[in-house]
Amino acid sequence: MHAYRTHNCAALSKGNVGETVRLSGWVHRKRDHGGVLFVDLRDHYGLTQIVADEDSPALPILDGLRLESVVTIDGEVKARAEGTVNPNLPTGEIEVFARAVTVQSTADELPLIVNSAEDYPEETRLKYRFVDLRRERVHNNIVLRSNVIASLRRRMIDQGFTEFQTPILAASSPEGARDYIVPSRLHPGTFYALPQAPQMFKQLLMVAGFDRYFQIAPCFRDEDLRADRSPEFYQLDFEMSFVTQEDVFNAIEPVLAGVFEEFSGGKSVTPAGSFPRIPYAEAMLKYGSDKPDLRNPLIISDVSDHFQQSGFGLFEKIVGTGGVVRAIPAPGTHEKSRKFFDDMNDWARKEGFAGLGYVTRKGGEFGGPIAKNHGPDNMAKIYAELGLGENDGLFFAAGKQGDAVKLAGAARTRVGEELGLIPDDRFEFCWIVDFPMFEYDEEAKKIDFSHNPFSMPQGEMEALETQDPLDIKAWQYDIVCNGYELSSGAIRNHRPDIMYKAFELAGYTREDVDSNFSGMIEAFKLGAPPHGGSAPGIDRIVMLLADEPNIREVIAFPLNQRAQDLMMGAPSAVSARQLRDVHIRTIEPPKQEKPATED
RNA sequence: GCGGGUGUAGCUCAGUUGGUUAGAGUAUCGGCCUGUCACGCCGAGGGUCGCGGGUUCAAGUCCCGUCACUCGCGCCA
């Protein structure tokens, strides 16, 4: 007989009755009735009820064990008597009568309880992550993650993509996020950088003629965290040669739609081939965001023209000085109290905006200060234009265009949530396309790249030479699902002449390009195919599929919000010897475990 | 860097306009219990009310500061 088990804890059923078996697992739960003891034995696969009565030598041993101790049970499979079958348990028709027990590992008092869905402080959960990971929810999330990655890999390979690995110790690049850096021992004063993404390497693989690349790629960015952002994360990174934007879309839509359909648990998914394509400018107008949640039915409208001449002086002044007024419908709010509208305004002010105006409407009757000053006839014109009914309220975000767009977008989300308009039974995908190539940098008072500088401008060289740079669009696109940016990609600029010209418009010389991006620009001078790709974020995909609000719920060993590993103690001070080896001297002494008493 | 929220038993939380010995559930420990499956019953131990200062006759409660965790902004694709 195997040393530890003949079956796992989900394997036994009525067909095994009478067999002598050996099971190993954790003591999930105990029910002690004095003369008879029930133990739910748990492993990765499931639960099996173990029974020990006064005839069993296992009784006193199991009785004395704390939960989460690990045991091996030798016993006999018995059918449960009628009335004692547990229909909620896959193994609920049988139980194992314990003849003997071997204690493999005893558990001390636990910092968190495995057999409970109770919420624990993240600090506790992360410090004892190995215990937390035994709990059903996170355990399932991590399994889901593995299955999603396996499915993605299979789908990519089936489409003729080839999987590669690229360096982790790479060169720092001047643009983009802050790099995690690694000091070089052999070359004093120099550093590697962990890749923010394998961007250049995948493009070089295209130059190398591999045609279709993909990788489950680890990426590192030393920036502050969010609920959906971890400093280390994974992307389904892919790149294709001799493709247009259309080809990239056609390649990845079936992969994403397929994997979502496979794991969505019955939620509807935008079918491959029908992801809506929304130009960036339209997204900013209608949704106030470049990552719109299309489940939210509310559409923002520009109503600036209506306030050019208005009794409502504030809006008239804003429009008159180049600002805009955006309207966010609040359908069916005739029953809502004044507090609902005032609370929205308070919320907007708390978010740092000047305020959120509103008009109420009950049975056709307008209410609120804006309606009063602007006049019911003029309000009716706006309502007619927006197609609003006689019981619909309307919020207004007014100000400089950037501020108004942002407020309108946030208000759209908030109104949608408050009114319960966002269905949670679907995954709605879209592409955001036609991102601007350049933008005006208010701080630096100059034109700069608004996205990735290596994207091909639409219209290529001719556009760069003849158009206002701020009007030029890029072959740059994002995939958005339910308000989360899942992926960013582009058709790349593989032409050195266009590259130099694009950088020139952003104020960089040929020498700047040559010195900062020498590897890539050299490669493009030695025969580079047109190419493009994208990189869907795997953690966010799993997060959406697991219906988790936080990315750390789908990472086995995540860093906390301040980028620390509470279990292993990273980051940590290193020895003077280690520092000397890599030619580093720290300026501030590393924080000691027990700091000297202050105050 | 900035703003919001939270911080009371190992854990989840309650704690009145400031008032006398800070509670419950759960976990732990002890006892009882032969059919439970979130078993049940009895009992016990367990508290720097995050930390520091202040106001007050009196602070878990009010004020100031600070720390930790978290959410958001900045930042970041």
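Here is how names work: the chains are called A, B, and so on, in the same order as the sequence lines, proteins then strands, and each is numbered from 1.
Checked against the 6.0 Å centroid criterion, the rings of Phe260(A) and Phe429(A) qualify as a close aromatic pair. Aromatic rings of Phe503(A) and Phe449(A) (six-membered ring for Trp) have centroids within the 6.0 Å cut-off, being under it.
A donor and an acceptor atom never sit less than 3.5 Å apart when one is taken from the side chain of Arg562(A) and the other from the base of U70(B). Not a single donor-acceptor contact under 3.5 angstrom links the side-chain atoms of Asp53(A) to the base of G35(B). On a pure distance criterion of 3.5 Å, a polar donor-acceptor pair joins the side chain of Gln49(A) and the base of U36(B). Counting atom types as modelled, Arg66(A) pairs no side-chain N or O with a base atom of C29(B) as donor and acceptor under 3.5 Å.
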Between the protein and nucleotides 38-41 of chain B, list the N/O to N/O atom pairs that are separated by less than 3.5 angstrom.
{"residue": "C39(B)", "atom": "OP2", "partner": "Arg29(A)", "partner atom": "NE", "Å": "3.3"}
{"residue": "C39(B)", "atom": "OP2", "partner": "Arg31(A)", "partner atom": "NH1", "Å": "3.0"}
{"residue": "C39(B)", "atom": "N3", "partner": "His33(A)", "partner atom": "ND1", "Å": "3.4"}
{"residue": "C39(B)", "atom": "N3", "partner": "His33(A)", "partner atom": "NE2", "Å": "3.4"}
{"residue": "C39(B)", "atom": "N4", "partner": "Asp32(A)", "partner atom": "O", "Å": "2.1"}

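Regarding Asp403(A), its CG atom lies at a distance of 11 Å from the P atom of G74(B), rounded to whole Å. Between Gln199(A) atom CD and A77(B) atom P the separation is 11 Å, expressed in whole Å.
Minimum atom distance to the side chain of Glu223(A) is reached by C75(B), of the listed C75(B), C69(B), C37(B). When distances are taken from the side chain of Arg226(A) to each of C71(B), G10(B), G74(B), the shortest belongs to G74(B).
Under the rule for a side chain to side chain donor-acceptor pair (under 3.5 Å), Asn296(A) has no partner lying at least two apart in sequence or in another chain.
Stem regions for RNA chain B, each three or more consecutive Watson-Crick or G-U pairs with both distances under 3.5 Å and listed by first number, read B:1-7 with B:67-73, B:10-13 with B:23-26, B:28-32 with B:40-44, B:50-54 with B:62-66.
Ranked by how close their nearest RNA chain B nucleotide is to the 5' end, Val51(A) and Arg552(A) are led by Val51(A).
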